[in-house]
Structure formats: structure tokens, C-alpha cells
Asks: 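Have a look at this one.
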Amino acid sequence: MPELPEVQTVVNFLTKLIVGKTILSINSPNKYTRVFSNSTITECNRFLLKNRITKITRRGKYIIFALEEGYLCIHLRMTGKLLLNLEIESDMKYVSAQFEFTDGTQLFFKDVRKFGRIYYSENLDWLESKLGIEPLSEKFTSKYLYQHLQQKNRQMKPLLLDQSFIAGLGNIYVDEALWYAGIHPLMIASQISEKQSKKLYEGIQSILLNAIAVKGTTIINFSYGENGRGNYKDQLNVFGETNNPCPKCKTIIQKIFVGQRGTHFCPACQPN
DNA sequence: TGAATTGTTCTACC
DNA sequence: TGGTAGAACAATTC
């Protein structure tokens, strides 16, 4: 389940290895054409042919390949991975898309669940219009968070998952950030105190930076590049810790559903 | 066999 | 109308 730190890890890795390469072609070995979300494979190829990758960046959970002309964006969704080599031949079964570069190397978009998508566009307006602030940008300050929470009459958990509010947070890191701040996932945003908001701001930043530092979370299905793995799993406090004691107070961690999403929290540290 | 899994988008409501 | 809530959707695993 790649979220911001996992996507950033992939971006860092790919930057070292494929920036400067020129795309020769893209194809879908399993004929899964739905992966090309806003175009056909033919259009995509016409657009990408001989196009050089000048930069790789991240916006929310989207990986952005800046090309000499236009942009190619990839969203990994649940199980998507970008690999330079396949471990075993049978892995080809799950490859949604395959890039070939002019130097003979390849990049595989392996995706067991097939929810991942590829988008190409001349500019990034469509992305900017639907994504909120970057939680690691300079514009995202403690004051910004408090001011915007004040304006929302929504439950905290669904609000933090809303990509148009803050871009990049997913189920894992939202549960961790709320636990860090001692905020119940069902609390209404406008009722959060300034002190709680400040703590939440600290939590979001430190959790994301920590996770990036150890290359993300190895839960279920994340790996980057050439089979590298993240180590943040060891640092999770509540996510996936149902029925285990809270690291702070030893109360048993509970799992509930909020907006149809599994939500882990400590009933003692995060009172409603 | 159907429940579980996720982020995004669509629809419906007040 | 705009903010919010909830359902739907993609596909696969166990």
C-alpha cells in the first residue's frame, strides 16, 4: 500500500537510475489496456517515442516523469511496483506495462491487483486541481493545519485521507499520526484544539520523514526498484496492531471501521 | 464463496 | 450550491 513515503522512495530510486534515458516504447504484455487511464496504448506510444526523461518527482501519491515534452504520471494504488528486473519469469503475468528505453534497458510496472494507472498529459493542471497541500512543503505549517481544520465539520480520519485536503496520506500514516497526537479518529475537525492540532502537525511531519528515512513500510506488498524493501513496519505503533498493547499506555489497541476503512486506535490515548 | 483490501470518483443528500 | 457522507469501482487472494 504505497503512500507518500513509499512513493518518495520509488522516486528517489528511479531518479538515480533512469533520469536521462529516452523512451523507445511502452506496451502491455498482458493486454491490460485499462492501465492507460486517459489514453490508448497507441496514443501513449506516439507521445512517448524518443521522449527523454528529464526529471522524476512526486505529487501526493503520484509519480511524475517530466519528459522533454509533457508528463507521464503513474499511480501505484494498492499493489503497484516499478521494477528494473523481474525476479522470476512468471512475474510477467502481473506486468501491467513495460517500458523500453533506447539503451536496451527496461522498466516493468508490476501490479497484482491491476488497480494502478498510467496517465500522460501536456501539463499537470489536472493533478494540481484535485490535490491538496504537500505535507512536507514549506507552505504546510502548524498554523495552516489549524486554520484549515477549523473550517471542516468532518471526522478526522476521512478528512486526513481526503487527498484534496492534504495530498499523500493513506490509511497507515493517518492512523499513526492520530495516535501520535492523541486524537480519536471520529473527532470532528473543527473541534480540535490548537494544542492537538500542533501535535498532529508534528506527528504528520515526523512520521513521514522517519518513514522516508527507512524507505517506507514493508506491509503486505511494497517493494521498490530492484527488490529493495522498506523498514518502517518495525516503527508502527497502532496500524495492524489490533489486540496488542498500546506502546504508550498498554491499553489494548482497537480496530473499528470509519468510512469503510479499517481504523486502528488506542481508546485510552485517543479519547473521543 | 464471499469477505477483505485500497485510493479515487461518482452520486445523493441537506 | 457547496460541503459532506456513503456507495461504487477496479481485481485478486484466501
Side-chain angles (χ1 to χ4, degrees), chain A residues 1-8 10 28-39 58-64 73-82 90-97 109-119 121 124-135 147-178 185-192 208 211 216-223 230 232-233 236 238-243 255-264:
Chain A
M1 298 168 278
E3 300 181 24
L4 189 155
E6 288 78 14
V7 175
Q8 187 65 53
V10 173
S28 183
N30 296 302
K31 304 291 175 247
Y32 184 68
T33 53
R34 210 188 288 263
V35 69
F36 301 100
S37 184
N38 65 347
S39 61
R58 179 191 59 73
R59 180 74 172 92
K61 298 169 196 167
Y62 291 80
I63 298 163
I64 302 172
C73 301
I74 298 180
H75 197 304
L76 301 173
R77 285 286 186 104
M78 277 183 78
T79 56
K81 302 172 187 183
L82 290 171
S90 62
D91 274 1
M92 190 54 99
K93 182 177 152 194
Y94 298 114
V95 173
S96 285
F109 183 13
K110 180 182 162 187
D111 188 10
V112 174
R113 289 281 194 280
K114 295 190 174 74
F115 291 175
R117 292 292 179 265
I118 295 172
Y119 312 78
S121 57
L124 297 175
D125 293 348
W126 63 279
L127 252 191
E128 288 305 323
S129 67
K130 66 176 176 183
L131 293 181
I133 195 166
E134 280 292 324
Q147 279 178 349
H148 286 77
L149 286 178
Q150 291 293 97
Q151 297 165 12
K152 296 288 183 182
N153 292 308
R154 298 178 64 185
Q155 293 171 335
M156 285 303 290
K157 168 93 184 208
L159 178 61
L160 293 180
L161 284 175
D162 186 341
Q163 302 298 297
S164 67
F165 187 67
I166 298 175
L169 299 180
N171 213 21
I172 296 175
Y173 298 107
V174 167
D175 280 3
E176 292 296 317
L178 288 175
L186 295 178
M187 270 189 79
I188 301 301
S190 58
Q191 294 171 3
I192 298 285
L208 290 179
T217 306
T218 309
I219 277 198
I220 305 175
N221 255 316
F222 171 72
S223 77
Y232 194 72
K233 187 182 177 184
L236 293 177
V238 285
F239 192 89
E241 296 291 326
T242 313
N243 295 330
K255 181 175 181 181
I256 56 173
F257 279 85
V258 182
Q260 300 151 303
R261 294 292 175 258
T263 298
H264 314 73

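Every value quoted in this text rests on a predicted model; they were computed, and no experiment measured them. Residue numbers begin at 1 in each chain, while the letters A, B, ... track the order of the sequences.
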Asks: Could you tell me how far apart Phe257(A) (CZ) and dT6(B) (C1') are, to the nearest whole angstrom?
Replies: 12 Å

Asks: Looking only at the side chain of Gln260(A) (C-beta and beyond, no hydrogens), which of the listed nucleotides dT6(B), dA7(C), dT12(C) gets closest?
Replies: dA7(C)

Asks: Counting heavy atoms from C-beta on, name the nucleotide in dA10(C), dT6(B), dT12(C) closest to the side chain of Arg117(A).
Replies: dA10(C)

Asks: Please give, in whole Å, the distance from dG3(C) P to Gln151(A) CD?
Replies: 10 Å

Asks: So what does Lys255(A) touch, heavy atoms closer than 4.0 Å: a base, only the sugar-phosphate, or nothing?
Replies: sugar-phosphate

Asks: If you look at every strand shown and take non-hydrogen atoms under 4.0 Å, does Asn153(A) touch a base, only sugar-phosphate, or nothing?
Replies: sugar-phosphate

Asks: Indicate yes or no: at least one non-hydrogen side-chain atom of Asp162(A) is less than 4.5 angstrom from one of Arg154(A).
Replies: yes

Asks: To the nearest angstrom, how far is Phe115(A) atom CZ from dT13(C) atom P?
Replies: 11 Å

Asks: So, does Lys61(A) get its side chain near the phosphate of dG7(B), meaning an N or O under 4.0 Å from OP1 or OP2?
Replies: yes

Asks: To the nearest 0.5 Å, what is the distance between CG (Asn30(A)) and CE (Met92(A))?
Replies: 8.0 Å

Asks: In this structure, how many angstroms lie between the C1' atom of dT8(B) and the NZ atom of Lys130(A), rounded?
Replies: 7 Å

Asks: Check the distance between dT8(B)'s P and Ile166(A)'s CD1 and give it to me in whole angstrom.
Replies: 14 Å

Asks: Ignoring backbone atoms, test whether Tyr94(A) places a side-chain nitrogen or oxygen under 4.0 Å from the OP1 or OP2 oxygen of dA11(C).
Replies: no

Asks: With a cut-off of less than 4.0 Å, is there a side-chain N or O of Gln163(A) near OP1 or OP2 of dT8(B)?
Replies: yes

Asks: Rounded to the nearest 0.5 Å, what's the gap from NZ on Lys110(A) to NZ on Lys81(A)? Could you check?
Replies: 5.0 Å

Asks: Arg34(A) has a side chain; which of dA10(C), dT8(B), dT4(C) sits nearest to it?
Replies: dA10(C)

Asks: What is the distance, to the nearest angstrom, from the CG atom on Leu186(A) to the C1' atom on dT4(C)?
Replies: 15 Å

Asks: Base, sugar-phosphate, or nothing for Gly170(A), non-hydrogen atoms under 4.0 angstrom?
Replies: sugar-phosphate

Asks: Mapping Lys114(A) and Arg154(A) onto DNA chain C by nearest heavy atom, which one lands closer to the 5' end?
Replies: Arg154(A)

Asks: Would you indicate, yes or no, if dG7(B) has its OP1 or OP2 atom less than 4.0 angstrom from a side-chain nitrogen or oxygen of His75(A)?
Replies: no

Asks: Between Gln163(A) and Tyr62(A), does any side-chain donor sit less than 3.5 Å from a side-chain acceptor?
Replies: no

Asks: Using a cut-off of 4.0 Å on non-hydrogen atoms, how would the nucleic acid contact of Tyr32(A) be classed: base, sugar-phosphate, or nothing?
Replies: sugar-phosphate

Asks: Look at the side chain of Arg77(A) and decide which nucleotide, out of dT8(B), dT6(B), dT12(C), has an atom nearest to it.
Replies: dT8(B)

Asks: Just N and O in the side chain of Gln155(A): are any of them under 4.0 Å from OP1 or OP2 of dA5(C)?
Replies: no

Asks: In Å and rounded to the nearest 0.5 Å, what is the OG to OH distance from Ser96(A) to Tyr32(A)?
Replies: 6.5 Å

Asks: Could you state the atom-to-atom distance from CG of Asp111(A) to C1' of dT12(C) in whole Å?
Replies: 10 Å

Asks: Give the nucleotide from the list dT8(B), dA7(C), dT13(C) with an atom nearest to the side chain of Arg261(A).
Replies: dT8(B)

Asks: Side-chain contact test, heavy atoms from C-beta onward, threshold under 4.5 Å: evaluate it for Asp111(A) versus Leu76(A) and give yes or no.
Replies: no

Asks: Whole Å only: how far is the CG atom of Asn38(A) from the P atom of dT9(B)?
Replies: 12 Å

